[in-house]
Amino acid sequence: MLPIHHMVGDAPQPVAPFSHAVEADGWVHVTGQMPTFPDNPEAPLPDGIEAQTRRVMENLKIVLAGVGLGLENVVFARVYLTEFKRDYAKMNETYGAFFPPDKLPGRTCVGVSGLAVDALVEIDLVVKRP
């Protein structure tokens, strides 16, 4: 069976050539989302790591909803931070509020030298259909 490539109409415009999500055998890999606004991709990014993390998580929820899933289906997340030492704790606090404390997905978080659109954070997901 070939993978299904999902483009979600309400989601932010991709900043590079990729699908919002790709699905194979019930596994959905959601491309890393940036803290851009779906209805205004040229708008300035939100200020600070908390606001950018919230925007990224809201964008991920839009993509997930577009493929009939939600955060409760997330198995694993990867988080990329450009200012790891400065932003790690605040990102964790904001990110963690999107999940019940007893239902946190597995996760990796790494510091990187830069992200598209000069974002402070990017998050991608691995999701499983029920």
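A distance of 4.5 Å separates CZ of Phe84 from SG of Cys109, quoted to the nearest 0.5 Å. Note: Asp124 CG to Tyr80 OH = 4.0 Å, rounded to the nearest 0.5 Å. Expressed to the nearest 0.5 Å, how far CE of Met34 lies from OG1 of Thr31 amounts to 12.0 Å. Summarising the geometry, atom OG1 belonging to Thr82 is positioned 6.5 Å from atom CG belonging to Asp87; distances are rounded to the nearest 0.5 Å. Taking CG from Leu115 and CG from Leu81, the interatomic distance works out to 8.0 Å, rounded to the nearest 0.5 Å. We find the OG1-CD distance between Thr94 and Gln52 to be 11.0 Å, quoted to the nearest 0.5 Å.
Pairing each heavy atom of Pro35 with each of Pro46, the nearest pair is O-CD, 3.1 Å. The shortest heavy-atom contact between Ala43 and Phe37 is CB-CD1, 4.0 Å. The heavy-atom pair separating Val8 from Gly66 by the smallest distance is CG1-CA, 3.8 Å. Between Val117 and Leu45 the shortest heavy-atom distance is O-CD1, 3.2 Å. The minimum heavy-atom distance between Met7 and Phe18, with the atom names listed, is SD-O, 3.7 Å.
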Tell me, with the steps shown, if Glu83 and Tyr88 meet side-chain contact (heavy atoms from CB on, under 4.5 Å).
CA-CA 8 Å; Glu83 298 290 339; Tyr88 184 70; over 6 Å; no
When you look at Gln33 and Val63, which way does the side-chain contact (heavy atoms from CB on, under 4.5 Å) test go after all the steps?
CA-CA 9 Å; Gln33 291 296 301; Val63 173; 4.0 Å; yes
Does the pair Glu58 and Lys61 meet the rule for a salt bridge (charged side-chain N to carboxylate O under 4.0 Å, His left out), with working shown?
CA-CA 5 Å; Glu58 292 299 332; Lys61 286 171 53 177; 3.6 Å; yes
Evaluation steps, side-chain contact (heavy atoms from CB on, under 4.5 Å), between Thr108 and Phe76
CA-CA 8 Å; Thr108 296; Phe76 199 86; 3.2 Å; yes
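Counting heavy atoms of neighbouring residues, nucleotides and ligands inside a 6.0 Å radius, atom CG of Asn40 exceeds 12 of them. Heavy-atom neighbours of Asp25 CG from other residues, nucleotides or ligands within 6.0 Å: at or below the threshold of 12. Within 6.0 Å of CD on Glu72 lie more than 12 heavy atoms contributed by other residues, nucleotides or ligands. Within 6.0 Å of NZ in Lys128 there are more than 12 heavy atoms belonging to other residues, nucleotides or ligands.
Cluster membership check: Val79 does not share its hydrophobic cluster with Val75, using side-chain heavy-atom separations under 4.5 Å among Ile, Leu, Val, Met, Phe, Trp and Tyr. A single hydrophobic cluster is not seen to contain both Trp27 and Ile4; linkage of ILVMFWY side chains at heavy-atom distances under 4.5 Å, directly or through other members, places them apart. Side-chain heavy atoms closer than 4.5 Å link hydrophobic residues (I, L, V, M, F, W, Y) into clusters, and following such links, even through other members, never connects Val126 to Val67. Hydrophobic clustering of Ile, Leu, Val, Met, Phe, Trp and Tyr side chains at less than 4.5 Å, counting indirect connections, unites Phe99 with Val30.
A 4.5 Å side-chain heavy-atom check between Pro41 and Val15 finds every atom pair outside the cut-off. At least one side-chain heavy atom of Leu60 sits under 4.5 Å from a side-chain heavy atom of Ile123. Considering only heavy atoms from C-beta on, Val22 comes within 4.5 Å of Pro3 through its side chain. With contacts defined as side-chain heavy-atom distances shorter than 4.5 Å, the pair Val74/Leu64 qualifies.
Side-chain N or O atoms of Asn73 include one that pairs as donor or acceptor with a backbone N or O of Gly70 at under 3.5 Å. Checking side-chain atoms of Thr53 against main-chain N and O of Met91 turns up no donor-acceptor pair under 3.5 Å. Remark: the backbone N or O of Pro12 is paired with a side-chain donor or acceptor of His20 at under 3.5 angstrom.
Under 4.0 Å is where a charged nitrogen must lie from a carboxylate oxygen, and between Glu93 and Lys90 no such pair does. Comment: Arg129 engages Glu23 in a salt bridge, judged by a side-chain N to carboxylate O separation of less than 4.0 angstrom.
Checked by atom type, the side-chain pair Asn59/Arg54 shows no donor-acceptor distance below 3.5 Å.
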